[in-house]
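Residue numbers begin at 1 in each chain, while the letters A, B, ... track the order of the sequences.
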Amino acid sequence: MRRWNWERVVSILLISPAVVATAIFVYGFIAWTAYASLTKWNKLLPDFTFVGLSNYRTLFANQRFRIDLRNTVVFTLVFLVACLIIGFVLAFLLDQRVKGEGIFRGIYLFPMSISFIVTGVVWRWLLNPGSPQLGSTGVNLLFDKLGLGFLKTGWYTDPKIGIIAVAIAATWQMSGYTMAMFLAGLRAIPDELREAARVDGASEMQIVRRIIMPLLRPVTLSAVIVLGHISLKIYDLIVSMTGPGIGFATDVPAYYMWDTTFRGNHFARGAAIAIILLFMVAVLIVPYLTWSTRSEAEL
Amino acid sequence: MTATTRDQPRTTRRPFRWQRVLLYAILIASALAFLMPVYVLLITGMKSFAEVSLQSMWDLPKGVHFESYAKAWFGSEEEGFRGLNVNFMNSVYLTFPATIISAMWGSINGYILAKWKFRGSEVLFPLLLFGMFIPYQSILIPLVQTLQKINIFGIRFYGSIPGLILAHVVYGIPITTLIFRNYYANIPTELVEASRIDGANIFSIYRYVLFPLSIPGFVVVMIWQFTSIWNDFLFAATITSNPATQPVTVGLNNLAGSYIVEWNVQMAGALLTALPTLLVYIFLGRYFMRGLMAGSLKG
């Protein structure tokens, strides 16, 4: 530790606006929201009468919120698994000395640069199932033309699979990103390792399973964290693609929060949903943050 | 990860020919699947109003028409919907200042955290980073309440572009600080030490040593912030409720949510909204990639 002088004071002064802003806008506001979630503030004018956990109890007994939690689980599973598989396969294939690699990479990754709102608007049309009177539209029409009519479904209008239709659009947007992460991970594996395994008589399949996959574990973890927290927070895509849907088929906690807070003026209930969301994200993020900043310090 | 990343494809033994065919077949089929929504977006936007029908949505347009774009941009008085022109310009007035301010701020934070470490800075860093993962729902209620109360020199922050700039700058602190800190950490400390011996102080080291080397860092951060601010919907929809001050993502969502607006106008609007970030991606894709990797923390 260097001794104190005017420059150390200046350095603290320079970082302090960011520290103060974060203290207020992140931690202070979270504390405020957490407190609001324990109050009676379920009308337009603030009412900070303390009511304990009653907003949370109401929520967990609430049919809509239960459907939302189920939707989040289904969405997260479909989205995560699809992104990881597509991302890994594409990255693995692209790593095989492919001509035009840059072009392929660019095509897989570009959806990432687009707003979820744009994605939602386009996919809402693509996955519009059509109606018996008008005939099939969108992807269903394409299935008809390709002779794959048996694949037709109601997409986001079907309460059973509605949320999966949204996950498909999200996968279109984020699987290229997963590919990029895996590709960076693959490029970091030294060739010598594979060569050595080949010399020892390992098959290509064994190399993938025994060498590549274990070495990609840290990258996979990063991808799971990034994708997982996106899926817990997913909101824009729901707004522009489907809204809450029939029987809340495509509703999620983030949407319910906005809806009940800013349309319904149930501020305390909205705050409670927000805190539950934050808790779910924190369970995912805090260990990861601790792990990655610590391992960085060790380097 | 950075140190060992290869830009060159790896040198593997060349697999059998049919495997190569299969490899390219999968890569090309995936590329077509990724481009499918873009195909629909482009052809639908170019069709004339007479030509748009659900049955022919996959067919190429008979000619190139720009009426849909004109209508999406200017709106239509007789049909009663607003165009995106005002919203698009709002996004411009929002994105440019917010991007520049948050890049400058992030650069200073990164400089201090990388080159002026102090007791506790290793703890402070993950505490700052946490802000980029939180679901913004958990700060939205206090943010709105606070913005409604702030009034500096007569500038209103709730419902206005300055309010949105403030939100994006503050919640941009973690990612901009992270990218700059990692960037400056890679600049040898010897350089800083040498200039100290030459009599440079905390300001002149930044001004004459670090800042001139920061251009690539600024490019990465500015692309990242530009994309995420342009694409944001949650802050935009919460902080601005007057259509005259809303950014383009909200404008597009209103346009697409209106049942009187034809599909071709919606698609034209979607493309107009996506265009700025798409262009950034196409021309500065390399840097975009680096920003993404930084977003995954272990870049």
Side-chain angles (χ1 to χ4, degrees), chain A residues 1 7 10-11 14-15 18 21-22 25-26 29-30 32-33 36 90 93 95-97 101 104 106-108 110 113-115 117-118 121-122 125-126 134-135 137 142 177 180-181 184 187-188 191 222 226 229 233 235-236 239-240 254 257 261 267 271 274-275 277-278 281 285 289 292-293 297, chain B residues 1 4-6 9-11 23 26-27 30-31 34-35 37 40-41 54-55 57-58 108-109 112 116 118-119 122 125-126 128-131 133-135 137-139 141-143 170 173 201-202 227 231 233-234 249 252-253 256 263 266 270 273-274 277-278 281 285 289 292-293 296-298:
Chain A
M1 194 98 265
E7 284 181 306
V10 168
S11 74
L14 284 174
I15 193 80
T22 305
F25 283 83
V26 176
F29 280 9
I30 287 174
W32 184 342
T33 306
L90 290 179
L93 295 180
D95 198 33
Q96 310 294 322
R97 284 198 304 172
E101 188 201 310
F104 283 118
I107 292 174
Y108 301 150
F110 87 89
S113 68
I114 294 173
S115 165
I117 298 294
V118 172
V121 169
V122 177
W125 199 26
L126 284 173
L134 291 168
T137 58
L142 192 66
Y177 175 58
M181 291 181 81
R187 294 279 152 87
D191 275 337
S222 297
V226 171
H229 101 280
K233 297 199 301 200
Y235 168 75
D236 315 11
V239 172
S240 62
M257 184 278 167
T261 310
F267 286 87
I275 293 301
L277 260 182
L278 177 72
V281 172
I285 292 299
L289 264 181
S292 54
T293 41
Chain B
M1 210 185 274
T4 42
T5 304
R6 287 177 295 116
R10 69 176 64 253
T11 50
L23 172 81
I26 298 173
L27 287 176
S30 314
F34 273 90
L35 289 173
V40 174
L41 190 68
L54 292 170
Q55 278 69 39
M57 69 172 279
W58 294 95
I108 292 164
N109 297 337
I112 302 299
W116 291 87
F118 48 89
R119 195 191 305 257
E122 299 300 315
F125 186 51
L128 285 181
L129 290 191
F130 183 62
F133 294 103
I134 58 166
Q137 273 81 1
S138 62
I139 50 87
I141 298 171
L143 182 67
V170 167
I173 292 174
N201 63 34
I202 186 165
T227 320
N231 289 342
F233 178 79
L234 185 59
T249 46
L252 174 66
N253 190 52
W263 283 111
Q266 296 190 17
T273 307
T277 51
L278 264 182
Y281 172 77
M289 273 291 298
L292 289 186
M293 290 298 128
S296 71
L297 213 71
K298 294 286 284 177

Requested in this report: Look up atom CG in L14(A) and atom CD1 in I112(B), then write down how far apart they are to the nearest 0.5 Å.
Outcome: 4.5 Å

**Report entry** Side chains of L277(A) and S138(B) in contact at under 4.5 Å (non-hydrogen atoms)
**Finding:** no

Query - Interface residue of largest heavy-atom contact number with chain A, from N201(B), L35(B), I108(B), under 4.5 Å - result: N201(B)

Query raised in the report: In terms of heavy-atom pairs under 4.5 Å with chain A, which of W263(B), F130(B), F233(B) leads?
Result: W263(B)

Report summary line: Among T273(B), T227(B), T249(B), the residue with the most heavy-atom pairs under 4.5 Å to chain A is T249(B)

Report task. Side-chain contact test, heavy atoms from C-beta onward, threshold under 4.5 Å: evaluate it for I139(B) versus V26(A) and give yes or no. Result -> no

Report task. Name the member of A31(B), G131(B), P126(B), A274(B) that forms the most heavy-atom pairs with chain A at distances under 4.5 Å. Result -> A31(B)

Requested in this report: Pick whichever of I141(B), N253(B), L234(B), N109(B) has the most heavy-atom pairs under 4.5 Å with chain A.
Outcome: I141(B)

Report summary line: Under 4.5 Å to a heavy atom of chain A? For I173(B) that would be side chain

Query - Under 4.5 Å from any heavy atom of chain B - which part of F110(A) - result: both

Report task. Taking the side chain as every heavy atom from C-beta outward, state whether L126(A) and P37(B) have any pair of such atoms under 4.5 Å apart. Result -> yes

Query - Contact winner vs chain A - S30(B), A270(B), P135(B), heavy-atom pairs under 4.5 Å - result: P135(B)

Requested in this report: Measure the shortest side-chain to side-chain distance between W32(A) and L143(B) over non-hydrogen atoms and say whether it is less than 4.5 angstrom.
Outcome: no

Report task. Quick one: closest heavy-atom pair of A256(B) and V121(A), and the distance? Result -> CB-CG2, 3.7 Å

Report task. Give, as side chain, backbone, both or neither, the part of I30(A) having an atom under 4.5 angstrom from any heavy atom of chain B. Result -> both

Query raised in the report: Within the distance-only criterion (no hydrogens, no angle test), does the side chain of K233(A) pair as donor or acceptor with the backbone N or O of F133(B) below 3.5 angstrom?
Result: yes

Requested in this report: Please state whether the side chain, the backbone, both or neither of L27(B) comes within less than 4.5 Å of a heavy atom of chain A.
Outcome: both

Report summary line: So CZ of F34(B) and CD1 of I107(A): to nearest 0.5 Å the spacing works out to 10.0 Å

Report task. Kindly write out the residues that satisfy side chain to side chain contact (heavy atoms under 4.5 Å, CB included) with T33(A), not counting sequence neighbours, or none if the list is empty. Result -> A271(A), A274(A), I275(A), P142(B)

**Report entry** Euclidean distance, I114(A) CD1 relative to T277(B) OG1, rounded to 0.5 Å
**Finding:** 6.5 Å

**Report entry** Residue V122(A) versus chain B: region with a heavy atom under 4.5 Å
**Finding:** both

Query raised in the report: Where does A36(A) contact chain B at under 4.5 Å (heavy atoms): side chain, backbone, both or neither?
Result: neither

Query - Atom group of Y108(A) that falls short of 4.5 Å from chain B, counting heavy atoms - result: both

Requested in this report: Could you check if a side-chain atom of W116(B) sits within less than 4.5 angstrom of a side-chain atom of I15(A), using non-hydrogen atoms only?
Outcome: no

Query raised in the report: Given that the side chain runs from C-beta out, which part of I134(B) has a heavy atom under 4.5 Å from chain A: side chain, backbone, both or neither?
Result: both

Query raised in the report: Non-hydrogen atoms of chain B under 4.5 Å away: do they reach the side chain of S240(A), the backbone, both or neither?
Result: both

Query raised in the report: Pick from F29(A), Y235(A), F104(A): which one has the most heavy-atom pairs with chain B under 4.5 Å?
Result: F29(A)

